[in-house]
Structure formats: structure tokens, C-alpha cells
Amino acid sequence: MASASEPGEGLAVSTTPSPRPSPPWLGARGILYILLLACAVPALAAPAQTSEDASRLFAEHCAACHGADRLGAIGPALLPENLGRLRKAEAEKIIVSGRPATQMPGVGDKLTAEQVKALADYIYTPLASVPAWGMAEIAASRVVNVDPASLPDRPQWSADPLNLFTVVETGDHHVTILDGDTNTALARFQSRFALHGGAKYSPDGRFVYLASRDGWISKYDLYTLQIVAEIRVGVNTRNVAVSHDGRFLMAGNMLPHTLVALDARDLTPLQVIPVEGDLKATSRVSAVYTAPPRASFVVALKDIPEIWEIPYADDAGPVMNGFVHSYEKGLEEGIGTGGRFQALRIRSPDILDDFFFDRTYERVMGASRDGAKGLVVDLDIKRKVAEIDLPGMPHLGSGIIFRKDGRDHMATPHLKEAVISVIDMTTWKTVKRIPTLGPGFFMRGHETSPYAWIDVSMGKDKDAIQIIDLDSLEIVRTLRPAPGKTTAHAEFDRWGKTVLISVMEGDGALIVFDAKTLEECARLPMKRPVGKYNVFNKINYSSGTSH
């Protein structure tokens with residue numbers, strides 16, 4: 001019931017996708033960078049001198065595209081947080097040889113091996129302070145390509161609009177809009193660098209919102225197959241959530257430590273919320289979730305032991321944090337955070353880094369920082385109500401809910417243990433641990449299917465997909481549709497008739513399976529497809545997929 005992280009970001013320069021105006025990258029500040037660098041920095045082809053330090057090497061070979069401050073320009077930001085899971089050794093190879101299907105040139109013929117290593121060390125060095133990216137910078141970056149009021153009321157193509165998939169291809173930074181009935185592409189367009197946190201839809205399924213690790217939020221119209229607007233909300237962004245009424249977006253940043261509220265119609269920035277705890281301690285945002293029954297956003301934080309809830313209903317009233325004197329017994333009062341969106345801070349006994357909600361959204365499960373247990377926090381009474389035995393770093397954001405013996409159960413893979421944990425959501429007891437071929441990242445189910453599909457891509461059997469019977473809680477089938485290749489992330493179509501699996505390689509594919517017979521139906525070549533998100537399942541909060 002939460003947004004799953006997407007594996008595998010890399011070092012590359014993203015080209016500007018049509019129909020974006022060129023160039024919208026960082027507004028006036030980004031254009032100024034490039035004009036200054038064009039005059040002051042030697043051409044990229046100029047040979048580097050071995051005596052130059054790493055910062056000078058960066059200015060000469062990287063800054064024109066990635067920004068003099070490493071915060072990004074036409075290319076992505078080059079900071080440890082933005083490089084994600086890219087190993088330093090792999091970054092060195094990209095510096096030498098470039099990256100196919102991007103504007104990233106190789107400079108191996110201009111640098112020595114020592115200089116390449118120094119340059120890689122430099123981009124993996126954290127900045128001395130958290131960079132500023134406030135309302136002025138955010139507003140200046142916004143680009144509106146199409147007036148939302150001018151858009152037609154009906155799709156401009158013939159297909160089921162609720163059985164589309166948004167497929168993220170990180171191999172060449174593109175997105176494919178796939179017809180789930182025919183398994184054919186309606187459109188394929190270039191995305192921002194390293195999309196992250198999954199696609200999110202408007203409540204009617206018409207618009208899809210995409211968040212990149214570099215802080216860009218893109219609004220794409222599925223009816224006319226075009227980008228409506230874009231805005232850069234941060235330097236490093238975790239994900240974006242959409243209010244259940246479709247009015248607001250809330251983006252959570254790793255850098256700077258902020259939340260950013262947007263008007264969903266045209267991405268107008270509404271408010272920047274500093275993420276501060278006690279004694280002004282700040283935190284990165286782990287993820288933002290929508291809790292529809294509560295008309296609120298719920299925020300997971302990486303660095304302080306708090307859960308934040310931000311109401312967005314018009315009649316939500318002021319939020320109070322802390323205690324002051326009151327003449328009425330039991331009355332809590334305090335000081336609101338100010339602005340349209342106010343955060344209620346719920347203290348937790350531990351830092352909780354990954355969330356999963358029950359069907360009511362009253363109780364949230366969180367994975368503890370030590371990776372050894374899970375906690376359950378009641379959002380109504382605002383305190384911990386249970387502790388769960390969950391060793392092995394559970395990936396709760398990829399869990400599913402299913403009914404068994406008349407009760408809700410949830411199942412989750414683990415990132416560091418070859419097991420699926422099954423939890424009774426009434427008693428919060430772990431009722432079974434199902435051994436698998438290795439640690440996994442994703443798990444998916446569907447209300448119409450007796451099966452759950454899991455990958456084991458974090459282990460040596462990365463090419464295996466295992467299928468669990470949710471009645472017997474046993475693995476009934478192991479598939480290896482692409483031997484030797486990383487295979488992961490199942491997603492059902494709206495009817496639960498087919499299941500799509502990603503072969504996460506540069507020469508990868510989407511493989512379509514019959515959900516009943518478990519036999520392959522189709523194979524669609526793609527460039528390292530990772531997440532794919534079905535419109536109907538997402539907007540109806542299917543218990544078998546991430547939210």
C-alpha cells in the first residue's frame with residue numbers, strides 16, 4: 001500500500017524530450033550558468049592537465065552540463081544522493097566511455113586513469129552544506145507547455161483508458177504508454193533523468209505525474225499523449241503523491257530537506273515546508289503517501305523519529321504541535337506550522353524508513369532503521385500499538401494485502417533475507433516465513449488472482465520469478481523467462497488476466513504472462529524497463545499493488 005523505490009539509477013545526461021521548450025532546465029539561473037561557462041570554461045575537447053585538482057577537472061569537463069555547483073543543468077545533478085545505486089567503479093567507466101543513448105560523451109582520451117578516479121571521487125563527495133532550493137528557484141523552473149483549459153474532454157485514441165500502463169525505461173530514459181489489452185505502445189517519450197518513486201495518477205486516471213531523482217515533476221496527459229507542464233521542486237527528490245481529490249501534489253525531497261506542495265492543474269508551487277524536528281534538526285524525506293480516507297498526506301522521514309501527517313481538506317482546521325497551558329482538562333494546544341499545509345508531527349520510538357498502510361489508513365507499519373523489526377503506529381491515537389518480528393530489512397513499500405481465513409493479511413519481501421513474511425493484520429503476528437531463492441524487491445497480487453508474484457533479484461538467482469499460492473502459502477511455480485538476466489517487478493492488468501514482468505537489462509523486455517495458466521503470452525523489447533503502473537489498479541488502490 002505504498003510506493004516502491006525503483007532500482008538502478010546511473011550517471012548520464014538526459015536530452016530534452018519533445019514537446020518541451022528548449023531549454024527549460026533550471027530557468028534563468030541554469031541559462032546563466034551555461035552562458036558563463038561557455039565564456040569562462042575551456043572547451044570540452046581541451047586536454048586536461050595532470051596537475052589540476054578534481055574541482056578544476058569538473059569545471060572543465062562536466063560543469064557545462066551538470067552545473068558549476070553540481071546541482072544539475074541540462075544534465076542531472078552529480079551528488080552522492082543523486083547517483084543512487086551506481087557504484088563508483090561503474091561511474092569511472094561512464095566517465096571514460098560515456099553512455100549510449102544520451103548526450104554523455106566519454107572523456108577517456110583526455111584524462112589519465114588517476115584523473116578519472118579523482119573526478120569520480122569528487123562527484124561522490126557530499127556538499128559542505130544542504131543547497132538552497134526555495135520558492136523562487138522552484139517557481140522560476142516551471143514550464144507550462146499546454147494550457148490545461150484547452151485540453152479535450154475525451155481520449156484522442158481508441159483503447160481502454162483505465163487499462164493503460166505507464167512503463168519507465170531507465171536504459172535510455174524514456175517512458176512508454178502501453179495499451180494493456182493489446183500490449184502495444186500508444187506513445188513513447190523521453191523522460192527526465194532517473195525517474196523514481198513510481199508513476200502517480202489523477203483520480204480519474206487521465207493525468208500521470210512523474211518524479212525524477214533530479215527533482216523534476218512532470219505532468220503528462222494520457223488523453224492527448226503530451227507533457228502538460230514541468231517544475232523542479234528540489235535537487236534530489238524522493239517521490240510525489242497526489243491528493244485523492246486530484247487538487248494537490250506533495251513532493252518530498254532528500255535535498256534540500258523540504259516538502260513542496262503544488263497545484264495539480266498546472267504545477268503552480270503553493271508552499272515549501274521545511275522538514276524540521278526538535279532542536280531544528282532537519283531530515284531527508286523517505287517518501288510521501290496519500291491517505292484517502294483521512295484526506296491527508298503521510299510522510300516518512302529518514303533522519304528523525306517522527307511521522308508527519310498533513311491534512312489537505314478545506315475544513316481541516318489548524319494543526320497544533322506541542323503542549324501549552326489550558327483550562328480545559330486534556331486539551332492539546334500548540335503552534336501550527338503556518339501556511340495552507342500544516343504538518344502534525346507524531347513522535348515514534350524509532351526512525352521508520354518504509355511504510356505500509358492497512359485498508360483504513362488508520363494504522364501504518366514502518367520498518368525500523370536497524371532492519372530487524374517493524375512497528376505499527378495508530379495515526380488516530382498517535383502512538384505505537386504493536387511491534388512486528390521482521391528481521392532481514394523488509395521492503396514494506398512493496399507488500400500486498402490479501403484475505404485469508406476471513407482476515408486481512410499482508411506479505412512483504414526482504415532486501416537482506418531470502419524469505420517472504422506473512423503477517424496477520426489483526427494480531428500483527430508473523431504467521432509464516434516462506435523461504436525463497438533469494439532476497440527480493442517487489443511483490444504483486446490482484447483481487448481476482450489466487451497468486452502473488454515475487455522476484456528474488458537481490459540474490460544470485462536474479463533471473464527467477466516465484467509464484468506463491470495465497471491459500472496454502474507455498475511456492476507453486478518458479479519461472480526463469482530470461483535466464484541469466486535480472487527479472488523483476490510484476491504488475492497485473494486491470495482485470496487480473498495478465499501479469500507483466502520486467503527484464504531489467506539494456507536489451508531488456510516486458511514479458512506478458514497469463515495470470516491463470518502462468519504461460520508466456522507476449523514479449524516486448526524495451527530498454528531496461530523497471531516499474532510499470534496500471535491506471536485502474538493505482539487509482540482504485542488495489543490491495544495487490546503499490547500506492
Side-chain angles (χ1 to χ4, degrees), residues 1-3 241 243-244 250 252 259 275 277-278 283 285-302 304-313 315-323 329-334 336-337 341-390 394-403 406-412 421-431 541 543 546-547:
M1 302 282 289
S3 298
S243 64
H244 82 288
M250 186 67 73
L259 293 153
V275 182
D278 295 325
S283 176
V285 174
S286 179
V288 185
Y289 308 89
T290 304
R294 308 176 68 83
S296 67
F297 297 112
V298 180
V299 185
L301 305 179
K302 276 191 170 292
I304 57 179
E306 296 180 1
I307 298 170
W308 282 20
E309 183 170 20
I310 304 175
Y312 53 74
D315 59 355
V319 168
M320 301 298 178
N321 286 298
F323 294 94
K329 184 177 180 180
L331 181 66
E332 285 187 46
E333 292 185 356
T337 55
F341 301 93
Q342 302 184 53
L344 174 66
R345 296 166 50 200
I346 302 171
R347 271 66 171 185
S348 167
D350 199 352
I351 293 175
L352 302 179
D353 200 22
D354 192 15
F355 282 2
F356 187 93
F357 297 87
D358 71 358
R359 293 184 196 268
T360 69
Y361 282 82
E362 293 174 7
R363 286 163 290 277
V364 57
M365 297 170 58
S368 65
R369 174 61 61 87
D370 61 16
K373 63 181 181 297
L375 301 179
V376 183
V377 175
D378 189 302
L379 295 177
D380 285 340
I381 64 176
K382 301 173 180 35
R383 64 179 177 86
K384 183 186 84 170
V385 294
E387 192 167 301
I388 308 173
D389 179 28
L390 281 176
H395 188 208
L396 298 178
S398 186
I400 67 169
I401 290 179
F402 63 97
R403 297 289 287 177
R407 298 152 76 103
D408 272 350
H409 290 66
M410 76 87 62
T412 180
S421 291
V422 180
I423 297 157
D424 185 320
M425 298 186 77
T426 301
T427 64
W428 299 109
K429 300 296 184 184
T430 301
V431 298
Y541 295 86
S543 59
S546 64
H547 299 162

Keeping the roles fixed (side chain from [X], backbone from [Y]), state whether a donor-acceptor pair exists under 3.5 Å.
{"X": "Asp424", "Y": "Lys429", "result": "no"}
{"X": "Thr412", "Y": "His395", "result": "yes"}
{"X": "Ser368", "Y": "Lys373", "result": "yes"}

Heavy atoms, side chains only, cut-off 4.5 Å: are [X] and [Y] in contact?
{"X": "Phe357", "Y": "Tyr541", "result": "no"}
{"X": "Leu396", "Y": "Leu390", "result": "yes"}
{"X": "Asp408", "Y": "Asp358", "result": "no"}
{"X": "Val288", "Y": "Ile310", "result": "no"}
{"X": "Val376", "Y": "Met425", "result": "no"}
{"X": "Tyr289", "Y": "Val364", "result": "no"}
{"X": "Val285", "Y": "Trp308", "result": "no"}

Which atom pair, heavy atoms only, marks the closest approach of [X] to [Y]?
{"X": "Tyr361", "Y": "Pro293", "result": "CD1-CD, 3.7 Å"}
{"X": "Leu375", "Y": "Ser348", "result": "CD1-OG, 4.3 Å"}
{"X": "Pro311", "Y": "Phe341", "result": "O-CD2, 4.2 Å"}
{"X": "Thr426", "Y": "Arg407", "result": "CB-NH2, 3.4 Å"}
{"X": "Phe402", "Y": "Ala411", "result": "CE2-CB, 4.0 Å"}

**Request:** Just jot down the salt bridge (charged side-chain N to carboxylate O under 4.0 Å, His left out) partners of Asp389, sequence neighbours excluded, or say none.
**Result:** none

**Request:** Sequence neighbours left out, what passes ring-ring contact (aromatic ring centres under 6.0 Å, His included) with Tyr312? Give chain and number order.
**Result:**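 With neighbours one apart ignored, the set is His244, Phe297.
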
How long is the span from the [atom1] atom in [X] to the [atom2] atom in [Y], to the nearest 0.5 Å?
{"X": "Ile304", "Y": "Ile351", "atom1": "CD1", "atom2": "CD1", "value": "8.0 Å"}
{"X": "Ser296", "Y": "Met250", "atom1": "OG", "atom2": "CE", "value": "10.5 Å"}
{"X": "Thr290", "Y": "His547", "atom1": "OG1", "atom2": "NE2", "value": "10.5 Å"}
{"X": "Ile388", "Y": "Met365", "atom1": "CD1", "atom2": "CE", "value": "3.5 Å"}
{"X": "Glu362", "Y": "Arg294", "atom1": "CD", "atom2": "CZ", "value": "6.5 Å"}

**Item:** side-chain contact (heavy atoms from CB on, under 4.5 Å) evaluation trace for Lys302 with Val275
**Value:** CA-CA 11 Å; Lys302 276 191 170 292; Val275 182; over 6 Å; no

**Request:** Answer yes when Lys384 and Asp350 have at least one side-chain N-carboxylate O distance shorter than 4.0 Å, and no when they do not.
**Result:** no

**Request:** Run through Asp353, Leu301, Leu352 and flag the one making a side-chain contact (heavy atoms from CB on, under 4.5 Å) with Ser286.
**Result:**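 Among Asp353, Leu301, Leu352, the one that satisfies the side-chain contact (heavy atoms from CB on, under 4.5 Å) with Ser286 is Asp353.
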
**Message:** Does atom CZ (Arg403) have a neighbourhood of more than 12 heavy atoms from anything else shown, all under 6.0 Å?
**Reply:**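 Yes, because the 6.0 Å sphere around CZ of Arg403 holds more than 12 heavy atoms from other groups.
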
**Item:** Residues in side chain to side chain contact (heavy atoms under 4.5 Å, CB included) contact with Asp378, at least two apart in sequence or another chain
**Value:** Arg363, Asp380, Ile381, Val385

